[in-house]
Each structure stands twice: as structure tokens, then as C-alpha cells.
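Throughout, protein chains are lettered first and strands after them, A, B, ... in sequence-line order, and every chain is numbered starting at 1.
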Protein chains: 2
Amino acid sequence: MDVRSVRSPAMTDVAKLAGVSHQTVSRVLNDHPNVREQTRLRVRAAIAELGYRPNRAARALVTGRSQLIGIVAQNTTLYGPASLLAAFEQAAAEAGFAVSVGSVNRLDRESIAGAVDRHLDQRVAGLVVIAPVASADDALEGMPEDVPLVTIDGDPARSQALVTVDQAAGARLATQRLLGAGHRTVWHVSGPPDWYDAAGRIEGWRSALQAAGAEIPPMVAGQWSPSSGYDAGRMLARMPEVTAIFTANDAQALGLLRALNERGLRVPADVSVIGFDDVPEAAYYIPPLTTVRQSFHEVAHAGLELLLQQISGSATEGEQVVIAPTLVERASVAEPRA
Amino acid sequence: MDVRSVRSPAMTDVAKLAGVSHQTVSRVLNDHPNVREQTRLRVRAAIAELGYRPNRAARALVTGRSQLIGIVAQNTTLYGPASLLAAFEQAAAEAGFAVSVGSVNRLDRESIAGAVDRHLDQRVAGLVVIAPVASADDALEGMPEDVPLVTIDGDPARSQALVTVDQAAGARLATQRLLGAGHRTVWHVSGPPDWYDAAGRIEGWRSALQAAGAEIPPMVAGQWSPSSGYDAGRMLARMPEVTAIFTANDAQALGLLRALNERGLRVPADVSVIGFDDVPEAAYYIPPLTTVRQSFHEVAHAGLELLLQQISGSATEGEQVVIAPTLVERASVAEPRA
DNA sequence: GCGCGTATTGTTAGCGATCACAAGAACGGC
DNA sequence: GCCGTTCTTGTGATCGCTAACAATACGCGC
């Protein structure tokens, strides 16, 4: 009696206590139909009494699948990826899956492939890859066919399961808002054009101008960083004809706002600005930033659902989900001065 | 010949190809000493030829330990936690470990315990818990003794392995900088006082004032959010005697800057401000924010090292590591007006 | 009463690694 | 030439679970 077992209880211990075979315990655990209600209860009681928890490694060994979902993301320090990651983790936890992260520093083929490989090592049940540039998509080319895969932000032209945000629609929203306020045209500080997101926003901006019959000014090519917004701002501040600017993200807008401020230009009185992302700080920029919000929560949920469908084998081939962004009105847009 | 095996190769396949027993393959894989060099090479070649990768589930089953590290964090959307997570993931990957995240929404006992439990289910090799408030520490009380555990930001009074940033030192740095610029005293907008970080910053601020013989003004209690900085700013802006403010983090400082700006106060000409965190955007606030930087990279590395020591059994009892923050000078500090 | 289908439970055989132990080879000392 | 070490390799059991199959019980129709 005094000799307490050091190791945690296994299925056979539960079986012994409940007076059944270990297989019956397994059936109860996996909700198999053909178990008598009374037996099921007895097993449940034994499980509770022993504080038994199934050994996932053993299960993974025999089924060949773990309850782990791998996620490959880049630069998870930034607001966007970090939010996506958090949303994913939460959604997965609700579905009984754990999430293993593999962040990469660069989005080249090699880095991505390495991260994917590490996850495959762990025998993940499925894989989510955030592939915002073509090179990341490319790295997925040689993937084994049999592991469920969902791509986020990837190339819609590929036939994988994919979740994206309709960047062009968001850009159109922003551009139309500025045109609607009476601006003759809208300037755009872009993100790195090899990113799908940036390309989509450029396209949406262009198409909205075109549809409105407005002049299409040259695009100012930038990066995602505040510093590139700052640089663009210094340049645009010298051009009096610039009265409305749409930036590819909020960080850029922050830098832009500072550059305009330094040059003595007031936002929105002199220049109107719209960003993209709706980071938590955007409401406290000077002035509060009107911006486009993309719901990472929706993206994560849609992505997980697609993945779970594949895992359970009920997947429709190459399904794609597109999430619509929305415009968040704050105080950085006004009519142009007469 | 044409019948290609569907399943991935196992150790016995490698053994057969190399003409040795599976046990010898295992020895090569685990770098056991007593294997003849020639044999080792033959096995390595066979491994490469088959593209063999060991099955972690099988290994975990027999050893009782996975190559997974669990990490419990709150609100991983914020810059601080997100950075810590990313740094940890990277450090762990270098050491051959995968990282499983469990974010929690609230820091109460129950949430933390739940996240810990889910990780224990996965049979993690070790656990990192970010425990910035007492309730999180409390949740760790009932933890099984045998799983390696490192706490980040926890209570130094407890005897666990712990990594913290010396918040008080950082606050002293900021306060002394402002006093050094000639301000009679420094006001402080605090974080939620039940957070260890916030408490440390309050204490450092107080002690620096005390040491300098400066008057200690009432503390303005805030949250971590920009809105609380904004609220504090609106109040402080009405008080002409306020010339120097130290905020508990950069997000607060952002809100504060906007409130001051709205009231027509210039920073740093009228009021000097120092923040805490050095978020990437801080350099692009208006004006660029002088702030205190804590190196998440160092924290993560120290934490992982402590954890790996425990996992390998070479741990010194209850070791604690303290990381020193540094001051980052920008443009939000100046001498007070005469 | 016999046969058959269905619900419930048990038995056995792996999954793919590690561990403990044993066996054979090589080598030096007497 | 025999014996005891040390180095190297192999054998068999085992981890805790699920899958496949077997066995038993029960009910029903003829």
C-alpha cells in the first residue's frame, strides 16, 4: 500500500480499477459508440480517480499523427504576425490541438523549408504557413502530399487551401474614402512590391483611382517600416499638390505623420492620411489614424477550419477563403483646402 | 522494385541497408562512444540515402520525454510578450527543441493552470511560464516537481529558476536622466501595480528621487494601454509644475504625447518624457522617444539555458538571472524652461 | 431449438524507438 | 596457449497506445 507508483498511471491501470480491458478504456476515451453506458461511467470514474491522462506520444506512435499543429511565420514580433499567431493558438486550443511555432527570419526558400522540416520532424498533424511572398510559396512546392497544409496570405493562383484578406478591396475602401472627401487624387506609399499584400493594395489603389477617373500619381515605393514612411513623408511634404496619402500600413503612416509634422503640415487640415492594419496604437497617433482593419481572428479561424477539414479527410480540394477588410474612421481625413 | 514503401523509413530499414542491427543505428544517432568509425560512417550513409528521420513519438514514448518546450504567455499580441516568444523560439530551435505556445487571456490561477495542464498533456520536456503578476506565480504552486520549470518576470522571493529584468534599475536610469537635465522632480505614470514590472519601475523611480533629495510627487496610476497614458496626459497637462514625466511603457507615452500635443504643450521644450520598452515605433513618435530598453533576446537565452540545465539534470537549485536594461537616448528630453 | 445479425467486450499484434543485458572480437599479460 | 579486460555489436523486452480480429452475449425469426 505504501509503495506508491512513481510513474503516472497508464491505460492498464485504469482498466484494472474499472474491471475492464484496456481496449474498453481506449474506446471510452475515443468516444466509440458501442460501449454500454454503465461501463462507460465506470471507466470515467476510474480515470478521474487515478487522475489518468493519456500518453500522447504513444497515441502518436500508433496513429502516426500527433495532436500538434505547426505554424510557420516570419517576424512574429510585428503586430500582424503576432496577432495571427495568437488567434491561431486560441482557435487550435479550442479544437484540442497544441500549436508549435517555427518563426523564420528570412522568407527565402531555405529558411521556410527548414522550418517546415523541423515541424515534419515533430510529426505534426497539419501545417499552417504564412507565405506573404512568392519565395515562401515556392518553398512549399516540394512538400510531401500527405500532410495537411493551409497557406495564409499566399498566392491565390496556386491550388492549395488558402486564406487571404482581400487587400485590393481594403485599398479601394481607403482610396474611395479620400476621393469621396473631395481630393483630386490619392498618393500611395507602398509596401515591398514582392509581397502579395503590398501588391494587392497597390492594385486596389490604382483601380479605385481609375474607376473614379482620377489621375494616377507615381507610386512611392516603401518598406513596412516607420522609417520608410518617414522618408516618403519628407519627400511628399515638399509637394503642395499632395493632399491625400494612403500608406500600405500603420507603421509607415506613423513615420509619415512625423515627417509631415516636422515640415509644419497639419493632418488632416493640410494633408489627409489613411493607413492599413489598425494596430492598437493607431487610435493614439497624432492625429488618430483612419485605417483599414483586417480581422486576424477571422483569418485564423478560417485557416484552422480548412486545416481540420483536411486532417479529418473531409476536405474539398484547394478551397480558398477570402476575408473582407473594413474601414475604421478616425480623425486623419478631411476635405482638401479650397 | 516497383513497390515503393508508402510509410517513411524506420530504424530497422536503415539497419538493414547498413548491414547492422537497429541498436547500432540508435547508437550512432545518439552519439554513443563505442561505435567503430567505419560502422558509424556506413550507418550515416544509409540514413542519408533513405532520408530517414527518427520518429520523435517513439522516442518520447520510451524515454518519457519529448523534445518540446512549452511556453505559457499572456497577450502575445503585445510587443513585449511577442518579442519574448520569438526570441525563445529561436533559441530553442538552435538547441534542437520545438516550442509549443499556450497563450492565456487572463492571468488568473485557473487560466494559467489550464495552459500548463495542456502542455503537461503533451509531455513537454520543460516549461517556461511568463508570470508577471502574483496570481500567475500562485498557479505554479501545485506543479508536479519533476517537470523542469523556468519562470520569467516572476516573484524573486520564490525559489524557482527565474529570469527577470531589473525594472527598478531601468526606472532609476530614466529618473536620473531627467533629474540630470535639471528638472526639480519627475512625475510617474505607472503600470498596473499588481504587476511585478510596474511595481519595480515605481520603486526605482521613488528611490532615485529619494536618493537625489527630490520631492516625490503623487504617482499617477495607469494601465499599460495608450489610452491610460492619454488620460494621464490630459490631467498632467493642466499642471504647469509638471516638466518631466516617466511613463511605465512606450504605449502610455504615445497616448501621453498626444494629450500634451492637444493641449498645446511641446515635447521636450515644455515637458520632457521618457518611456519604457523601446518598441520599434518609439523612434518615430513625435518627438522620437527617449526610453528604456530591455533585451528580450537576453532574457530568452538566459531562460532557455536555465531550462536546459534542469532538463539535463545539471541544474543549480533555484538559480536566478537578472538582466540589466539600458537607456536609449532620443529627442524627448530637454532642460526645463527657466 | 437452430441460425444469424448486432451489440459489447477481450485478445493479440504491432507502431519505432531505447534500455538492459549478453555475446563475440580483439588484445595484453602471464 | 589460456584468461580476463575492454571495445563493439546484437538480442529481446518494453514504453502506452490503437487497429484488427475474435469471442461472447443477446435477441429475434423461423
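Atom pair A:Asn55:CG and D:dT14:C1' shows a separation of 13 Å (rounding to whole Å applied). B:Arg56 has its CZ atom 21 Å from the C1' atom of D:dC17, to the nearest Å. As rounded to whole Å, 12 Å separates atom C1' of D:dT24 from atom CZ of A:Arg36. As rounded to whole Å, 15 Å separates atom P of D:dT9 from atom CG of B:Leu29. One interatomic measurement links the two molecules: CZ of A:Arg59 to C1' of D:dG16, which rounds to 11 Å at whole-angstrom precision. In this structure, the NE2 atom of B:His32 is 14 Å from the P atom of D:dT8, given to the nearest Å.
For B:Ala58 and B:Arg40, each mapped to the nucleotide of DNA chain D holding its nearest heavy atom, the one lying further toward the 5' end belongs to B:Arg40.
For the OP1/OP2 pair of D:dC17 and a distance below 4.0 Å, the side-chain nitrogens and oxygens of A:Thr63 include no atom meeting the criterion. Remark: B:Asn34 is in phosphate contact with D:dT8, judged by side-chain N or O atoms under 4.0 Å from OP1 or OP2.
The side chain to side chain contact (heavy atoms under 4.5 Å, CB included) search around A:Val322 returns A:Thr164, A:Asp166, not counting sequence neighbours. In terms of the side chain to side chain donor-acceptor pair (under 3.5 Å) criterion, residue partners of B:Asp108 (sequence neighbours excluded) are, by chain and number, B:Arg106, B:Ser111. For A:Glu298, the side chain to side chain contact (heavy atoms under 4.5 Å, CB included) test picks out A:Ser295, A:Ile323, with sequence neighbours left out. Remark: B:Ile311 engages B:Phe97, B:Ala125, B:Pro148, B:Leu307, B:Leu308 in a side chain to side chain contact (heavy atoms under 4.5 Å, CB included) (not counting sequence neighbours). B:His297 pairs by the ring pair (Phe, Tyr, Trp, His ring centres under 6.0 Å) definition with B:His301, not counting sequence neighbours. Residues passing the side chain to side chain contact (heavy atoms under 4.5 Å, CB included) test with A:Pro54, sequence neighbours excluded: A:Leu29, A:Tyr52, A:Arg59.
With hydrogens and angles disregarded, no donor-acceptor distance shorter than 3.5 Å links the side chain of A:His119 to the backbone of A:Val124. Between the A:Asn30 side chain and the A:His32 main chain, no donor and acceptor come within less than 3.5 Å of each other. Judged by distance alone, with hydrogens and angles left aside, the side-chain atoms of A:Glu319 form no donor-acceptor pair with the main-chain N or O of A:Leu306 at under 3.5 Å. In terms of modelled atom types and a separation under 3.5 Å, the side chain of A:Gln310 and the main chain of A:Leu149 share a donor-acceptor contact.
For the contact set between residues 15-27 of chain A and DNA chain C, defined by any heavy atom under 4.0 Å, the members are A:Val20, A:Ser21, A:His22, A:Gln23, A:Thr24, A:Arg27. At a non-hydrogen distance threshold of 4.0 Å, nothing from residues 41-51 of chain A comes into contact with DNA chain C.
At its two ends the helix from C:dG1-D:dC30 to C:dC30-D:dG1 runs along axes set 60° apart, each axis drawn from five pairs and the angle rounded to 10°.
Applying the side chain to side chain donor-acceptor pair (under 3.5 Å) test to residues at least two apart or on different chains, the pairs with a partner in residues 74-91 of chain A are A:Glu89-B:Ser103. Residue pairs satisfying the side chain to side chain donor-acceptor pair (under 3.5 Å) criterion with at least one member in residues 123-144 of chain B, sequence neighbours excluded, are listed as follows: B:Asp137-B:Tyr196, B:Asp138-B:Arg158, B:Glu141-B:Arg158.
For DNA chain C, the contact window with chain B, defined by any atom under 4.0 Å from a protein heavy atom, covers C:dG16 to C:dA20 in 5' to 3' order.
Residues A:Arg44 and A:Asp31 are paired through a salt bridge, judged by an N-O separation under 4.0 Å between the basic side chain and the carboxylate.
Counting any heavy atom pair closer than 4.0 Å across all strands shown, B:Thr12 reaches no nucleic acid atom.
Taking each heavy atom of B:Pro132 and B:Ile130 in turn, the nearest pair found is CD-O, 3.2 Å.
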